[in-house]
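The structure appears below as structure tokens.
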Amino acid sequence: MSDSRRRSKGSQEETAGTSNGLGGRNRSERACDMGDEDDTGAGPSAISDEDDDPTRRREIRSKYRDLINQVQQNREDMLNPANNKLTDVLEEANKLFANVRQAREAALDAQLLVLATDLGKEKASQLHAEGSAFDPSAFAEHLLSFMGLNRLEDESGQDGNLEGYLPQSAWQRLAKRSEYCFKTAPSFHYILGSFLAEPPPPRQRVERQRKAPSKEAKRMMPTQLKKMEESNQEATEREVERILGCLQKYFADDPEEPISYYEFVIDPNSFSRTVENIFHMSFLIRDGLVKMNLDKYGLPCIAPVEEGEVELGGAAVRNQCVISINQKSWREIIEAFDIKGAMIPPPEVLSQ
Amino acid sequence: MSIHFVSVSCVYYSQGSIAMSQKKKAVSASQNKTQRRSQVCLDEDDEDAHFSQITSSQVQRAREHFTPVQIDRKVAEVVQFILIKDQKKIPIRRADIGKHVIKEYKGIYTEIMNRVCRTFEQVFGLQLVEIDPKNHIYILINKLEPIHGEPVSMRPGNPKTGLLFVILSVIFMKGGVIKENLVWNTLKKLRVDPGEKHDEFGDVKKVVTDEFVRQKYLEYVKIPHTEPVEYEFRWGLRAEKEVSKLKLLEFVGELFGQDPQSWTQQFREASTAETSSQRT
């Protein structure tokens with residue numbers, strides 16, 4: 001409508017529509033209407049004096065700005081389908097436009113037109129030719145009821161939905177029901193979870209703790225073992241020599257009579273010492289310091305080897321045998337030989 | 001391998017138009033078949049420069065180059081990639097699939113994607129849907145319809161689903177576009193204030209204007225010529241494919257105690273959307 005008016009007005013306002021700014025100036029090559037010296041009104045002869053009246057123009061501009069503000073501030077009101085306020089504004093603009101002569105005012109008119117058309121478009125989109133309307137406030141009310149709102153008994157009419165207690169599971173309940181509307185793909189997750197990086201560090205710490213004492217223990221061990229080994233060897237040697245000494249003493253008393261092996265080694269008071277005696281005896285025999293032979297009864301006898309015999313013994317055929325004894329045999333022998341006491345006295349210094 | 005392809009494509013560039021048209025002819029037959037079979041999950045008219053310069057001879061070479069076992073594994077990798085990417089519900093870009101998974105198997109991209117689609121449908125009951133044919137963006141949706149009376153999932157409901165439902169309903173019932181103020185005002189009535197931190201949703205404004213928008217459930221668009229700037233909400237591309245307007249209308253009807261058909265325009269739109277989605 002403003003457009004047709006514009007055309008009917010003539011060529012002076014042609015270029016008006018381009019600028020949207022308030023009081024924007026349109027500098028164009030055309031000499032006639034684009035005066036930047038509005039208020040002085042000194043323009044070419046194309047503009048008549050009454051069109052150029054600065055006061056009047058100011059008035060028009062101010063009215064346009066009022067209209068623009070009105071539209072912007074009361075946007076919601078304008079959109080309300082119940083009234084025709086938008087149409088009223090447009091009619092006002094039309095009336096104002098009748099007096100517009102120059103571009104600056106026309107620019108304001110154009111700006112107002114843009115706003116009005118936007119509103120018009122929105123208002124049109126609100127129209128529903130058929131079917132019932134949809135009220136978002138009512139929708140909210142129904143949703144609250146669905147979510148389980150406990151309304152207080154003495155609620156007032158307006159603030160109804162700010163009163164009342166909404167339970168914790170309210171949104172959950174809504175979500176569960178809303179899910180049906182969605183074809184959401186379930187999110188992929190491993191059923192048993194994935195490996196976490198956390199367990200290994202504690203294990204390492206435990207291992208380190210365990211390792212530390214064991215290393216120390218190992219370090220201690222060698223020294224102990226060394227001691228034991230030395231003492232063991234020494235003890236064995238000493239013991240072997242002692243036994244040899246005993247044997248030689250017995251033999252010295254009665255050189256011709258061989259000593260019964262069993263009578264010599266067995267200690268009727270201690271099985272373990274018996275075994276030790278047998279053990280030590282075997283060294284003496286191995287080293288050729290003691291000889292063993294069977295007497296006429298078939299029982300083993302031992303006798304120390306003379307000095308001279310040693311070499312002979314070295315060249316002679318050596319026999320090996322394995323002697324074993326258990327507690328039962330030990331007791332049988334004690335009984336059979338009627339051994340009352342140990343021929344080898346037990347060592348005075350017991351092992352540490 | 002990628003450098004190789006670049007140099008090869010340079011060589012082919014001069015013959016590019018011939019080669020591409022040849023490829024298009026060769027592929028068009030199979031393309032019709034796949035489109036008929038399932039939802040469009042592959043595309044041939046790509047502006048994606050990464051893929052547009054693959055010639056048919058390159059495709060042939062690629063197919064011969066890889067063993068069936070290797071191709072099987074590549075298909076499985078793409079399936080896994082998409083499943084993991086879908087966890088956050090952010091749509092997946094084809095360029096990402098190409099860059100991170102397919103890589104040198106680019107030549108047989110089409111074949112791989114066909115098999116990927118089939119795997120999703122037959123093994124998982126999911127559908128790989130291209131929501132943006134221009135930018136090649138995919139989402140995964142459930143192929144199976146939820147049955148009323150039976151729970152959709154064993155997990156407790158995500159409250160954000162409820163929030164999203166409210167917003168989508170208001171937009172839909174109001175014709176498809178609404179100003180943001182309508183959303184905020186409605187939410188305020190539900191005790192969800194975008195200006196305050198909410199117990200369940202936290203920063204509501206961020207969830208609605210950022211998270212839901214990135215997931216493509218909503219579109220948050222500036223309204224032109226507004227001073228100060230105002231925004232409007234629309235349904236996003238994901239919502240169009242994933243949400244049943246008919247079921248949504250049914251629930252709204254339940255809440256109001258009204259027959260869904262009493263909203264004739266919305267009902268018509270919902271029915272149309274339902275039949276068109278069933279057709280694909």
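Note on naming: letters A, B, ... go to the chains in the order of the sequence lines (proteins, then strands), and numbering restarts at 1 for each one. All figures in this text were calculated on a predicted structure; none of them were measured in a lab.
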Measure centre to centre between the rings of A/Phe134 and B/Phe172, then say whether the value is under 6.0 Å.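 No.
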Engaged part of [X] at the chain A interface, taking heavy atoms whose separation is under 4.5 Å:
| X | answer |
| --- | --- |
| B/Glu254 | side chain |
| B/Phe201 | side chain |
| B/Tyr217 | side chain |
| B/Val177 | neither |
| B/Lys160 | neither |
| B/Ile178 | neither |
| B/Leu126 | side chain |
| B/Ile147 | backbone |
| B/Lys245 | neither |

Given heavy-atom pairs under 4.5 angstrom as the criterion, report whether the side chain, backbone, both or neither of A/Ala138 touches chain B.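 Looking at A/Ala138, backbone and side chain both touch chain B.
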Does any heavy atom of chain B fall under 4.5 Å from the side chain of A/Glu179, the backbone, both, or neither of them?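 Answer is both: backbone and side chain atoms of A/Glu179 are under 4.5 Å from chain B.
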Under a 3.5 Å distance rule, please check whether [X] uses its side chain to pair with a backbone N or O of [Y] as donor and acceptor.
| X | Y | value |
| --- | --- | --- |
| B/Gln87 | A/Phe188 | yes |
| A/Trp171 | B/Glu200 | no |
| B/Lys89 | A/Ala185 | yes |

Considering all heavy atoms of both residues, which atom of A/Ala140 and which atom of B/Leu190 are nearest to each other, and what is their separation?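 Scanning both residues, the minimum pair turns out to be O-CD2, 3.6 Å.
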Taking all heavy atoms of B/Asp86 and all of A/Pro186, pick out the closest pair and write down the distance. OD2-O, 4.4 Å
Roughly how far, to the nearest 0.5 Å, is the [atom2] atom of [Y] from the [atom1] atom of [X]?
| X | Y | atom1 | atom2 | result |
| --- | --- | --- | --- | --- |
| B/Ile141 | A/Phe182 | CD1 | CZ | 12.5 Å |
| B/Thr161 | A/Tyr180 | OG1 | OH | 13.0 Å |
| B/Met173 | A/Asp135 | CE | CG | 11.0 Å |

Any ion pair linking A/Glu141 and B/Lys189 (charged N to carboxylate O, less than 4.0 Å)?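 Looking at A/Glu141 together with B/Lys189, the answer is no, because their closest N to O distance does not fall below 4.0 Å.
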Geometric class of the B/Phe165/A/Phe139 ring pair [parallel <30°, tilted 30-60°, perpendicular >60°]: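 Answer is tilted, since the angle falls between 30° and 60°.
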Determine whether more than 12 heavy atoms belonging to other residues, nucleotides or ligands lie under 6.0 Å from atom NZ of B/Lys74. yes
Full working for side chain to side chain contact (heavy atoms under 4.5 Å, CB included) between B/Leu255 and A/Leu143: CA-CA 7 Å; B/Leu255 288 169; A/Leu143 280 170; 3.6 Å; yes
Let's test your reading of the structure: which of A/Gln172, A/His142, A/Gln72, A/Lys176 forms the most heavy-atom pairs below 4.5 Å with chain B? A/His142
